[in-house]
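Everything numeric here is computed off the predicted structure, so don't read it as measured data.
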Amino acid sequence: MATAQLMKVETSGTWQRGLQTSIKVRDFEPIIVDEPKTLGGTDEGPNPVELVLASLSSCASVMIAFISKELNFSYSGVEFKNEGTLDLRGLQGVEGVSPHFQSVQFNVVIHTEESEERIEALKNEVERRCPVLNLLADAGVTVEGSWVKA
């Protein structure tokens with residue numbers, strides 16, 4: 001078995017007011033995380049679960065780039081559209097109801113001249129190696145993926 005190659009990732013956060021938190025990542029400008037007005041926030045930024053879906057897209061995008069090089073797979077663009085379903089009873093503390101996503105629909109449109117078989121090979125490898133997708137799957141979230149050629 002190969003030796004572990006561990007990498008630490010850090011963030012920091014400061015509560016601002018209400019449901020709003022300022023999140024700092026490395027040397028970037030802080031990200032304001034908030035809730036929509038319908039959930040009691042001020043709607044001044046994405047909420048945490050929206051950021052999870054955004055992380056899924058960006059993580060898959062990075063993995064597509066890495067794995068495409070390994071497979072000599074050519075593409076000119078990728079588009080993502082994700083949808084997650086939460087049962088708000090979990091957030092409200094109802095016993096036996098998970099507060100995390102119940103399911104996630106992960107849709108990928110890839111601009112390529114590659115064959116369907118090559119797209120499927122890329123998809124399988126990305127889904128196997130994408131940290132965010134695997135975090136969701138390992139939490140028991142049903143992640144349904146759709147990859148189509150543009």
Side-chain angles (χ1 to χ4, degrees), residues 4-68 71 73 75-112 114 116 118-150:
Q5 298 178 11
L6 304 178
M7 178 179 112
K8 289 187 180 181
V9 179
E10 298 178 359
T11 66
S12 61
T14 305
W15 173 77
Q16 299 296 297
R17 66 183 186 281
L19 302 178
Q20 194 176 101
T21 306
S22 175
I23 301 295
K24 189 83 171 101
V25 180
R26 291 187 276 147
D27 294 326
F28 297 106
E29 289 295 316
I31 301 165
I32 298 301
V33 180
D34 199 359
E35 290 290 336
K37 291 180 181 178
T38 57
L39 293 177
T42 56
D43 205 22
E44 293 181 37
N47 70 25
V49 292
E50 290 168 330
L51 290 173
V52 170
L53 292 181
S55 294
L56 176 58
S57 291
S58 57
C59 190
S61 184
V62 168
M63 295 311 300
I64 289 169
F66 284 156
I67 295 166
S68 288
L71 299 178
F73 183 100
Y75 67 99
S76 61
V78 185
E79 298 159 26
F80 302 93
K81 183 168 172 111
N82 306 321
E83 183 177 290
T85 302
L86 296 164
D87 186 337
L88 294 178
R89 296 175 305 159
L91 301 177
Q92 296 162 350
V94 173
E95 195 68 34
V97 180
S98 175
H100 64 61
F101 287 115
Q102 305 297 305
S103 63
V104 168
Q105 183 65 44
F106 175 60
N107 299 301
V108 180
V109 176
I110 190 158
H111 297 258
T112 184
E114 300 279 358
E116 294 296 331
R118 297 259 298 151
I119 293 170
E120 185 69 17
L122 176 66
K123 170 190 181 287
N124 290 339
E125 198 62 12
V126 168
E127 289 180 355
R128 184 178 77 82
R129 292 166 51 182
C130 177
V132 175
L133 190 146
N134 281 277
L135 183 66
L136 291 167
D138 290 350
V141 177
T142 301
V143 181
E144 296 180 9
S146 164
W147 287 54
V148 296
K149 186 175 181 174

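Distance alone, capped at 3.5 Å, is enough to place a donor-acceptor pair between the N134 side chain and the E127 backbone. Using a distance-only test at 3.5 Å, with no hydrogens or angles considered, no donor-acceptor pair links the side chain of Q105 to the main chain of S103. Side chain of Q102 to backbone of H100: a donor-acceptor contact under 3.5 angstrom is found.
Expressed to the nearest 0.5 Å, how far CG of L56 lies from CG of L136 amounts to 6.0 Å. With rounding to the nearest 0.5 Å, the separation of CE in M63 from SG in C130 is 7.0 Å. Interatomic distance, CG of L6 versus NZ of K8, reported as 9.0 Å (0.5 Å rounding). To the nearest 0.5 Å, atom CD1 of residue I23 and atom OG of residue S12 are 7.5 Å apart. Remark: E125 CD to L71 CG distance equals 7.0 Å, nearest 0.5 Å.
For N47, the side-chain contact (heavy atoms from CB on, under 4.5 Å) partners two or more places apart in sequence, or in a different chain, are E35, P36, V49, E50.
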task: Show your reasoning for whether side chain to side chain contact (heavy atoms under 4.5 Å, CB included) applies to S98 and D87.
output: CA-CA 7 Å; S98 175; D87 186 337; over 6 Å; no
field: side chain to side chain contact (heavy atoms under 4.5 Å, CB included) evaluation trace for K123 with V108
entry: CA-CA 9 Å; K123 170 190 181 287; V108 180; over 6 Å; no
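A pairwise comparison of heavy atoms in L86 and F101 identifies CD2-N, 3.5 Å as the closest pair. Scanning all heavy atoms of the two residues, the minimum distance from D34 to G41 falls at OD1-CA, 3.7 Å. Shown here for R17 and T42, the closest heavy-atom pair between the two residues is NH2-OG1, 4.5 Å. Between S68 and Y75 the shortest heavy-atom distance is OG-CE2, 3.2 Å.
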Show every donor-acceptor pair shorter than 3.5 Å between a side-chain atom in residues 140-150 and any protein atom, with sequence neighbours excluded, or say none if there are none.
| from | atom 1 | to | atom 2 | distance (Å) |
| --- | --- | --- | --- | --- |
| K149 | NZ | E114 | O | 2.8 |

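Two residues are said to be in side-chain contact when any heavy atoms from C-beta on lie closer than 4.5 Å; F73 and I119 meet this criterion. With contacts defined as side-chain heavy-atom distances shorter than 4.5 Å, the pair L122/I110 qualifies.
Annotation: E29, atom CD; neighbour count of heavy atoms from other residues, nucleotides and ligands within 6.0 Å does not exceed 12. Counting non-hydrogen atoms of neighbouring residues, nucleotides and ligands closer than 6.0 angstrom, the CD atom of E79 exceeds 12 such neighbours.
Here side chain to side chain donor-acceptor pair (under 3.5 Å) pairs that include residues 52-65, with residues two or more places apart or in two chains, are S57-N82.
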